[in-house]
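Worksheet: the structure to be examined is printed underneath.
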Amino acid sequence: MPARWFDGRSSQGHAVLAAIAAGPRGPELTLHPVGAEGGAPEHFTHDAVDWPEAWNPRRPPPRLAVDLGERGSLEIAGEGIARWHAALQAAGHRAGIAQRMQARWGVLAVVLLASVLVLALFYRYGTPWLATQLTRAVPLGWETALARETLERMDGDLLKPSRLAPERQQALRARFDALAQGVPAAPQRYAGYAPALRLEFRRGLGANAFALPGGTVVITDGLAETASRRGLGDDAVAGVLAHEIGHVVHRHTTRTVVEQGVLNIGLGLALGDVSSLLSTGGALVTGLAYSRAHEREADCYALALMDRARLPTAPMADLLLAIAPEQREESKEKNGASGSDTKKKARKDSGDSAWMDLLATHPGTEQRAAELRAGHAPHCARP
């Protein structure tokens with residue numbers, strides 16, 4: 001095909017005939033000088049040519065420039081462009097996937113669908129599996145050190161010393177110790193994991209209880225006081241404690257840290273650095289989904305542990321329903337809601353319910369309460 005070669009030594013282009021032939025590593029290029037200048041042919045191996053990206057043959061570019069590195073560049077125009085394309089195909093040239101995506105919408109659609117499928121499988125199966133393998137390697141000593149440091153930071157800031165009567169604390173600790181003695185062997189995925197379970201009392205954070213890695217469970221005065229105020233007794237509190245023991249045994253706090261790391265790395269690789277905001281948002285939403293899965297798993301553990309101790313789970317359901325409105329009221333107070341905003345907030349709450357369900361770290365309270373009253377949930381394995 002006719003072309004003009006700019007050899008980098010002169011601003012004038014040299015008329016040449018460009019020939020493409022198959023080589024050991026791919027197409028190779030030879031330039032044959034024409035006209036009065038003549039001269040020996042110039043040969044370029046496959047790696048010496050920056051082969052232009054593919055284009056749609058039905059819409060070829062008006063002019064084609066081929067970078068030859070230190071030996072200048074080649075310019076092809078007119079009918080020579082179609083002949084260049086045909087010669088490349090005959091020499092066995094195959095465009096990369098990125099070039100084919102740019103030239104054909106069908107290829108782009110297939111790649112996008114495949115990427116979505118891979119991401120979905122990574123989220124659904126890859127992340128939990130990898131998180132389990134990595135969590136197995138986390139030593140118990142690291143978890144207990146993290147729990148101690150976390151509790152020290154929370155004390156004096158979010159938490160205060162408990163004001164529960166010593167007798168009340170002793171009674172609840174006895175309940176907790178009885179549950180701890182009935183804890184079955186660790187789940188198969190964490191065989192040999194046996195943290196020392198310990199109950200701590202604090203004031204603050206409303207009616208709440210939470211588990212720290214390594215065996216520490218914290219209960220607030222508000223939770224114990226709500227159970228007493230509603231006449232639910234210590235069985236209700238025992239159910240909540242059994243739920244938190246489930247978090248400890250299944251190592252949910254450590255798993256959350258690992259899962260977030262795996263998600264951030266995986267989404268970062270898939271979306272790239274330029275999509276850091278999207279990657280962070282995706283990790284947040286999917287992380288909340290994993291949190292809900294952890295809560296369901298802890299509920300199942302609590303049902304099994306309470307059944308093992310021959311304790312009712314209905315009081316725990318009543319306690320969950322009792323503290324849910326209190327937590328919502330505390331949230332409204334923190335947001336600075338006033339009496340004049342009540343109607344606006346009611347309308348906003350109805351419109352935001354879908355978002356609240358999406359961003360909640362716990363499954364629906366009413367559904368959980370129904371499952372606890374029944375003593376079993378569909379997602380729990382039968383004993």
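Across all their heavy atoms, P213 and T254 have their closest contact at CB-OG1, 3.8 Å. Looking at every heavy atom in both residues, R168 comes nearest to A224 through NH2-O, 3.4 Å. The two atoms that bring G204 and T220 nearest to each other are O-CG2, 3.1 Å, heavy atoms only. The shortest non-hydrogen separation linking A369 to A317 is O-CB, 3.4 Å. Closest approach of L303 and A377 over heavy atoms only: CD1-N, 4.1 Å. Across all non-hydrogen atoms, the minimal contact from G156 to K160 is O-NZ, 3.5 Å.
Note: the hydrophobic cluster containing Y193 does not contain V138 (ILVMFWY, side chain heavy atoms under 4.5 Å, direct or indirect links). Taking hydrophobic clusters as Ile, Leu, Val, Met, Phe, Trp and Tyr residues chained together by side-chain heavy-atom distances below 4.5 Å, W129 shares a cluster with V258. When the side chains of ILVMFWY residues are joined at heavy-atom separations under 4.5 Å, either directly or via intervening members, W51 and M1 end up in a single hydrophobic cluster.
Two residues are said to be in side-chain contact when any heavy atoms from C-beta on lie closer than 4.5 Å; H32 and T30 meet this criterion. Counting heavy atoms from C-beta outward, T226 and R229 have side chains that approach closer than 4.5 Å. Looking at heavy atoms from C-beta onward, E200 lies in side-chain contact with L151 at the 4.5 angstrom threshold. Side-chain contact between P52 and H85 is absent, with no heavy-atom pair separated by less than 4.5 Å. With a 4.5 Å cut-off on side-chain heavy atoms, P195 and E143 do not count as touching.
Checked by atom type and distance alone, the side chain of D221 pairs as donor or acceptor with a backbone atom of R163 at under 3.5 Å. No donor-acceptor pair under 3.5 Å is formed between the side chain of R202 and the backbone N or O of L159. Counting only distance, with no hydrogens or angles, the side chain of R136 and the backbone of R189 share a donor-acceptor pair below 3.5 Å. The backbone N or O of T132 sits nowhere less than 3.5 Å from a side-chain atom of T135 that would complete a donor-acceptor pair. Counting only distance, with no hydrogens or angles, the side chain of T144 and the backbone of G214 share no donor-acceptor pair below 3.5 Å. At distances below 3.5 Å, not a single donor-acceptor pair connects side-chain atoms of R251 with backbone N or O atoms of Y190. With hydrogens and angles disregarded, a donor-acceptor distance shorter than 3.5 Å links the side chain of H46 to the backbone of P27.
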- Item | side-chain contact (heavy atoms from CB on, under 4.5 Å) assessment of C380 paired with E371 | CA-CA 10 Å; C380 298; E371 293 168 351; over 6 Å; no
Could you go through L31 and L17, starting from their C-alpha distance and side-chain angles, then the distance that decides it, and tell me whether this counts as side-chain contact (heavy atoms from CB on, under 4.5 Å)? CA-CA 6 Å; L31 302 182; L17 287 177; over 6 Å; no
Go through R153 and L158 one step at a time and tell me if the side-chain contact (heavy atoms from CB on, under 4.5 Å) criterion holds.
CA-CA 9 Å; R153 291 185 177 183; L158 298 174; over 6 Å; no
Notebook entry, point to check: L199 and V217: side-chain contact (heavy atoms from CB on, under 4.5 Å), yes or no, with the steps?
Noted result: CA-CA 5 Å; L199 182 62; V217 174; 4.1 Å; yes
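Qualifying side-chain contact (heavy atoms from CB on, under 4.5 Å) partners for R175, counting only residues two or more places apart in sequence or in other chains: D234, D235, A238, L311. T253 meets the side chain to side chain donor-acceptor pair (under 3.5 Å) test with no other residue; sequence neighbours excluded. With sequence neighbours excluded, the residues satisfying side-chain contact (heavy atoms from CB on, under 4.5 Å) with I245 are F176, L179, V183, L197, V249, Y301, L305. Annotation: side chain to side chain donor-acceptor pair (under 3.5 Å) contacts of D47 (sequence neighbours excluded): R25.
Taken to the nearest 0.5 Å, the CZ atom of F210 stands 6.0 Å off from the CG atom of L205. For the atom pair CZ of F44 and CG of D50, the computed distance is 13.0 Å after rounding to the nearest 0.5 Å. The OG1 atom of T313 sits 8.5 Å away from atom CG of D307, with the distance rounded to the nearest 0.5 Å. In this structure, the separation between CD on E244 and CG on L212 is 9.5 Å, given to the nearest 0.5 Å. A distance of 9.5 Å separates CD of Q169 from CD of E167, quoted to the nearest 0.5 Å. In this structure, the separation between CG on L88 and CG on L29 is 9.0 Å, given to the nearest 0.5 Å.
A donor-acceptor contact under 3.5 angstrom links the side chains of H243 and E295, judged on distance only. Between the side chains of Q170 and R173, no donor N or O sits under 3.5 Å from an acceptor N or O.
A salt bridge links R368 with D299; the closest basic N to acidic carboxylate O contact falls under 4.0 Å.
The hydrophobic cluster of L321 has no other members, since no ILVMFWY side-chain heavy atom comes under 4.5 Å of it.
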Extract all donor-acceptor atom pairs below 3.5 Å that involve side chains of residues 70-82 and protein atoms in other chains or at least two apart in sequence.
| from | atom 1 | to | atom 2 | distance (Å) |
| --- | --- | --- | --- | --- |
| R71 | NH1 | H43 | O | 3.3 |
| R71 | NH2 | E42 | OE1 | 2.6 |
| E75 | OE2 | R63 | NH1 | 3.0 |

